[in-house]
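Order of appearance sets the numbers: ligands from 1, and atoms from 1 within every ligand. What's counted below: heavy atoms across the whole structure, side chains too, no hydrogens, waters or symmetry copies. Position 1 is the first residue of the sequence; numbering continues from there. Computed from a predicted model, the values in this text were never measured in an experiment.
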Amino acid sequence: MKFFVDTAEVNEIRELADIGLLDGVTTNPSLIAKSGRQFKEVIAEICSIVSGPVSAEVVSLDYAGMMREAAELKKIAKNVTIKVPLTIDGLKACKALTSEGTMVNVTLCFSANQALLAAKAGASFISPFVGRLDDIHLDGTELIAEIRQIYDNYAFDTEILAASLRTPLHVKQVALIGADVATMPPAVIKGLVKHPLTDKGIEQFMADWKKTGQSL
Ligand code: E4P
């Protein structure tokens, strides 16, 4: 399973990349706004840190506008992945961009049929939002399972990029289902390492090692 980080905060991206845990990055207009930085400048900086796919989202809602923005964003770096919304115009832009060899992430997916359309449009990634479905009392992980089955039934090679993951439990659930990628906020990635018995074990080993009076 690939790990992407869902943030536009460059320092956090650098820290995770240094650990060796990052396969890519996802951003969205809200995360760019939160960073307080210029969109193209921050995407360029992220692409200089991470060699895997870096999703940059178009903000036009019409096909022509999306294609114009995609052309601008693609100039930033080879690993820029164009993120388009799951609309008719977004699917049309997806088809055109992937036909010319550009990676596309189709975002804001909330149903299996939407994911089917994205695969037929040649999407490199489909982003089903698990947490936002949970927010409205639906089962976000069930959607990941449905998409996995549909993509496997027809051998679609679109990668399932489980998004809007809010907890380590979400990560485990989508990994068990077989999502290809998990995109998570930095805190969720770091949270995966935590276990109270690991901390307790280290404490005990350190105390016992001290008793030996030895050093390494
Ligand atoms: C994914 O590409 C989105 O940016 C993200 O996962 C949305 O997460 P949220 O629902 O927690 O905002």
Side-chain angles (χ1 to χ4, degrees), residues 1-10 12-13 16 21-37 39-40 42-43 45-47 50 52-61 66 69-70 73 76 79-87 90-91 93-94 97-98 102-111 114-115 117-119 121 123-144 147 158-175 177 179-192:
M1 182 189 234
K2 292 174 200 162
F3 274 18
F4 289 5
V5 67
D6 194 36
T7 184
E9 300 301 328
V10 172
E12 295 183 303
I13 293 171
L16 290 163
L21 282 178
L22 272 198
D23 300 300
V25 177
T26 51
T27 66
N28 63 36
S30 308
L31 294 170
I32 297 293
K34 197 172 156 203
S35 77
R37 296 186 55 190
F39 183 25
K40 289 193 215 169
V42 78
I43 294 294
E45 195 173 343
I46 295 170
C47 288
V50 177
V54 174
S55 289
E57 190 159 343
V58 295
V59 288
S60 281
L61 298 179
M66 287 181 193
E69 291 170 4
L73 293 170
I76 298 175
N79 51 332
V80 167
T81 298
I82 306 299
K83 206 171 178 191
V84 299
L86 218 157
T87 59
L91 292 171
C94 173
L97 291 165
T98 54
T102 301
M103 283 189 293
V104 176
N105 175 1
V106 179
T107 190
L108 290 168
C109 172
F110 294 96
S111 79
Q114 288 181 320
L117 289 172
S124 321
F125 301 100
I126 180 67
S127 289
F129 279 32
V130 173
R132 291 192 194 187
L133 281 169
D134 288 1
D135 288 344
I136 59 163
H137 309 294
L138 293 173
D139 185 349
T141 56
E142 194 178 298
L143 174 61
I144 303 292
I147 300 171
T158 299
E159 292 187 54
I160 302 174
L161 196 172
S164 187
L165 301 177
R166 310 263 176 78
T167 62
L169 179 60
H170 274 156
V171 180
K172 181 178 88 170
Q173 288 170 326
V174 301
I177 293 164
D180 301 288
V181 189
T183 191
M184 302 158 262
V188 174
I189 297 187
K190 289 183 194 160
L192 299 177

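Between D139 and Q173, the closest side-chain pair of non-hydrogen atoms is not below 4.5 Å.
Here the rule is side-chain contact (heavy atoms from CB on, under 4.5 Å) with M184, and of T7, D6, L192, V5 only L192 fits it.
Close approach of ligand 1 to N28 is summarised as follows: ligand atoms under 4.0 Å from at least one heavy atom of the residue are 3 (C), 4 (O). Remark: ligand 1 atoms within the under-4.0 Å shell around heavy atoms of R132 are 7 (C), 9 (P), 10 (O), 12 (O).
Protein heavy atom nearest atom 2 (O) of ligand 1, with residue, atom name and distance: K83 NZ, 2.7 Å. Atom 11 (O) of ligand 1 has as its closest protein heavy atom R166 NE, 2.9 Å. Protein heavy atom closest to atom 8 (O) of ligand 1, with residue, atom name and distance, is S164 CA, 3.4 Å.
Looking at C109, A163, S127, A8, it is A163 that brings a heavy atom closest to atom 1 (C) of ligand 1.
For the pair D134 (side chain) and G140 (backbone), a donor-acceptor distance under 3.5 Å is present.
L22 contributes atom CG, which lies 5.5 Å from atom CD1 of I189 (distance to the nearest 0.5 angstrom).
A donor and an acceptor atom, one from each side chain of S127 and N105, are located under 3.5 Å apart.
Considering backbone and side-chain atoms alike, D6 places an N or O below 3.5 Å from some N or O of ligand 1.
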Please test E9 against S35 for side chain to side chain contact (heavy atoms under 4.5 Å, CB included), starting from the C-alpha separation and ending with a verdict.
-> CA-CA 6 Å; E9 300 301 328; S35 77; 3.9 Å; yes

